[in-house]
There are 2 protein chains.
Amino acid sequence: MKLIQRLSAQSGAGRSLPSTCKYFSTTSRVTNVAEATPSTSNETASSIASLKGPTAVVLLNMGGPSTLPEVGDFLYRLFSDKDIIPLGRFQEPLARFITYRRTPKITQSYKEIGGGSPIRKWSEYQAKKACELLDKVRPASAPHKPYVAFRYANPLTPELFENLKRDGIKRAIAFSQYPQYSCATTGSSINELSRLSKEYDPNNEIEWSLIDRWPTHPGFVEAVSERIQAALQKLPAEVRSEAVLLFSAHSLPMDVVNRGDPYPAEVAATVWAVMQNLGLSNPYRLTWQSQVGPKAWLGPQTADAVKTLDLREDCKGIVLIPIAFTSDHIETSHELDIEIIGEVKNPEKIVRAESLNGSDTFTKAMADIVVNHLNDYDQKRSTSALNAVKFVRCPMCTSDRCGPSRDLFEAHNKQ
Amino acid sequence: MKLIQRLSAQSGAGRSLPSTCKYFSTTSRVTNVAEATPSTSNETASSIASLKGPTAVVLLNMGGPSTLPEVGDFLYRLFSDKDIIPLGRFQEPLARFITYRRTPKITQSYKEIGGGSPIRKWSEYQAKKACELLDKVRPASAPHKPYVAFRYANPLTPELFENLKRDGIKRAIAFSQYPQYSCATTGSSINELSRLSKEYDPNNEIEWSLIDRWPTHPGFVEAVSERIQAALQKLPAEVRSEAVLLFSAHSLPMDVVNRGDPYPAEVAATVWAVMQNLGLSNPYRLTWQSQVGPKAWLGPQTADAVKTLDLREDCKGIVLIPIAFTSDHIETSHELDIEIIGEVKNPEKIVRAESLNGSDTFTKAMADIVVNHLNDYDQKRSTSALNAVKFVRCPMCTSDRCGPSRDLFEAHNKQ
């Protein structure tokens with residue numbers, strides 16, 4: 001929050017950072033989201049008048065079962081998705097079999113974290129807060145209406161389209177809630193949106209644009225930094241400056257990494273941006289969690305790193321930091337908190353940084369990302385350059401889906 | 001160069017960037033290196049008077065054989081180094097055997113790139129230019145004297161120590177020329193420096209400090225960006241904005257990655273910083289080169305990516321960019337230019353960004369990195385926080401060398 005206020009004060013209303021900070025020139029412009037004033041709003045309104053609301057802000061994410069009876073359906077959708085878990089020509093029966101086998105254990109895990117995933121609650125909260133801010137700072141595109149579309153849990157994409165139709169939406173922003181791009185996550189969500197758009201909106205009545213990644217947005221980086229600083233305070237004062245900051249992101253199988261998926265590099269970019277924001281105050285490492293099955297996955301594994309550092313005398317403290325998800329889910333609340341931290345020998349040495357969840361700094365960052373996107377879009381820059389890296393299929397891509405899905409967001413350019 | 005001038009103009013003489021750019025606060029402050037003026041120099045001199053020169057600026061790097069007869073010794077030293085190629089208890093005889101087997105082929109490769117590695121020439125040039133700038137902008141520590149110490153080729157570390165003694169040096173900066181930290185590269189150089197310091201300077205008459213990484217220093221990022229922009233100009237105008245920027249760094253074996261080596265994440269941080277600096281102008285990927293042997297290495301492999309993109313119709317152009325080395329060496333001039341680019345089907349589609357070599361922007365960045373380091377050091381901040389991330393051994397570290405080697409740079413703190 002401090003950062004955004006400072007940047008706002010220095011960067012001028014509704015405009016981008018001074019060119020000194022050109023390193024974050026495209027994804028990082030921080031506007032006046034924190035301190036909206038009427039004059040700012042008027043300026044924005046007068047300078048950008050091409051669009052009128054309502055504007056749908058659609059948060060795309062994986063989702064999770066909100067209640068225990070939803071676990072089976074969630075897993076079945078997950079294992080049926082060949083973008084995230086390709087199982088070959090027997091995808092459907094295998095998905096059914098794996099779901100049958102794993103549902104009891106995973107239901108038990110959700111039971112242990114309170115009876116369901118909090119991701120819907122947090123996503124709906126974040127979308128609502130961001131839209132409230134957007135209405136203040138960008139009246140030209142107001143009202144901004146919040147929506148959530150999950151890939152594997154309610155609310156699913158068909159429900160999204162029904163809601164968009166009910167609300168008469170003609171303009172929508174697909175806003176990936178994965179800060180870093182992976183074909184397995186954002187890619188899968190885009191493919192689903194594109195596929196169902198043909199079914200639910202065959203005449204392209206909704207004009208879509210896409211925010212597909214924002215790994216080093218300053219507000220996001222600041223929100224994570226705040227969580228780390230709060231976590232450090234829970235360690236004894238004498239170890240704070242030496243505690244190892246252990247960033248943890250969901251791993252990928254090495255065959256996906258070796259195909260050229262951009263996710264590992266973009267997660268690393270986030271980590272370094274956070275370390276810079278903290279003034280390189282502590283030693284750090286990036287580790288990877290949630291590996292399953294016999295295949296090789298990208299490491300070092302979070303569990304191994306925690307287990308080893310826990311026992312090593314040269315490590316006096318550890319802060320475990322979720323870095324690729326914006327709210328709590330089973331991989332933080334169960335895997336990190338119960339399976340990993342719950343098993344260490346020296347629990348006083350380790351704390352977990354809270355997920356972003358209800359962070360005000362984060363919802364302000366979300367609004368800022370959307371403002372930048374809308375401003376760029378209205379200025380008719382190429383859609384694919386908006387907060388997004390220009391798209392190219394992975395060098396060793398084996399899917400025929402990712403490329404064509406982008407057509408949904410190119411309609412605007414072709415008009 | 002433009003960037004440094006602009007930053008200089010805005011950031012004030014000898015001071016750091018305004019706080020808007022706090023993301024690069026520790027490693028990235030750009031001072032007035034580009035435009036030194038007498039008043040600035042005086043200001044620097046009066047505000048920081050604790051040190052007097054001469055100050056040795058020692059560039060650490062891997063090195064390469066300058067002439068063909070040196071290839072054998074170079075390879076033997078390389079394969080003898082258990083920090084980069086651990087061969088177990090038979091390291092020495094195996095190193096001898098592998099050297100015997102590989103010398104003819106590698107001699108031939110050096111022959112094909114002009115009869116030797118240009119890395120000594122470029123390193124000596126870069127060190128000299130950076131020291132000339134340092135003398136202008138930081139008289140308090142002048143004269144700054146340039147040295148080079150290679151790990152596997154002349155000038156080796158013993159020669160460095162003899163030169164330091166000859167020149168009466170009492171203050172030296174070990175300046176890693178690997179922008180990103182790996183235990184196999186910078187770690188090995190530090191271990192060697194530390195080991196030989198005990199032999200050549202047993203009474204610690206030289207006060208050492210360390211610059212161990214600078215993956216997103218703005219001057220470095222700008223220097224790479226200039227090379228990319230120059231390379232893009234060599235492609236037909238109509239494909240420039242869509243060409244894939246393919247960053248290539250030397251790969252690591254997966255067992256080193258999985259141990260927690262920070263290199264892959266820091267290379268990725270460089271890549272994203274460059275992409276930001278370019279305004280995300282093009283699609284991009286980070287790929288990894290120079291894998292050898294049967295073990296699993298981090299991918300995607302540069303050679304595979306080039307071969308695939310070369311044939312794919314959705315890829316209209318490729319710029320291949322060395323991102324983890326600062327001057328040409330056999331992996332750029334032979335592997336990229338001859339083995340990879342030399343084999344593509346559509347050579348008109350691919351250009352290689354020049355290595356930094358004689359880039360003025362880069363030598364200014366080098367000087368700036370040293371200025372920041374010296375200012376921080378004189379202000380008695382913890383040595384390990386200077387341009388360097390605070391040190392912790394890799395989570396799954398198996399070496400007993402890295403930790404103790406840092407003692408060499410802690411002497412200053414203990415006084």
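Residue numbering restarts at 1 for every chain, and letters A, B, ... go by the order of the sequence lines.
Looking at A:Val244, the atoms closer than 4.5 Å to chain B (heavy atoms on both sides) all sit in the side chain, from C-beta outward. Looking at A:Cys315, there are no atoms closer than 4.5 Å to chain B (heavy atoms on both sides), in backbone or side chain. If you measure heavy-atom distances from A:Ser281 to chain B, the contacts under 4.5 Å come from the backbone alone.
Here the closest heavy-atom approach between residue A:Lys390 and residue B:Asn282 is recorded as CB-C, 3.9 Å.
The closest side-chain heavy-atom distance from A:Trp272 to B:Pro215 is below 4.5 Å.
Comparing A:Met396, A:Glu242, A:Arg259, A:Lys307 by heavy-atom pairs within less than 4.5 Å of chain B, the highest count is held by A:Met396. When each of A:Asp314, A:Leu286, A:Thr287 is checked for heavy-atom pairs under 4.5 Å with chain B, A:Asp314 comes out on top. With chain A as the partner, the residue from B:Ala296, B:Cys397, B:Cys394, B:Ala269 showing the most heavy-atom pairs under 4.5 Å is B:Cys394. Of the listed residues (A:Pro300, A:Pro264, A:Ala268, A:Gly299), the greatest number of heavy-atom pairs within a distance under 4.5 Å of chain B belongs to A:Pro300.
With hydrogens and angles disregarded, no donor-acceptor distance shorter than 3.5 Å links the side chain of B:Arg285 to the backbone of A:Asp261. Judged by distance alone, with hydrogens and angles left aside, the side-chain atoms of A:Arg312 form a donor-acceptor pair with the main-chain N or O of B:Pro395 at under 3.5 Å.
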Exercise. Checking side-chain contact (heavy atoms from CB on, under 4.5 Å) for the pair A:Asn258/B:Gln301: CA distance, chi angles, key distance, verdict?
Worked result: CA-CA 7 Å; A:Asn258 291 339; B:Gln301 293 198 25; over 6 Å; no
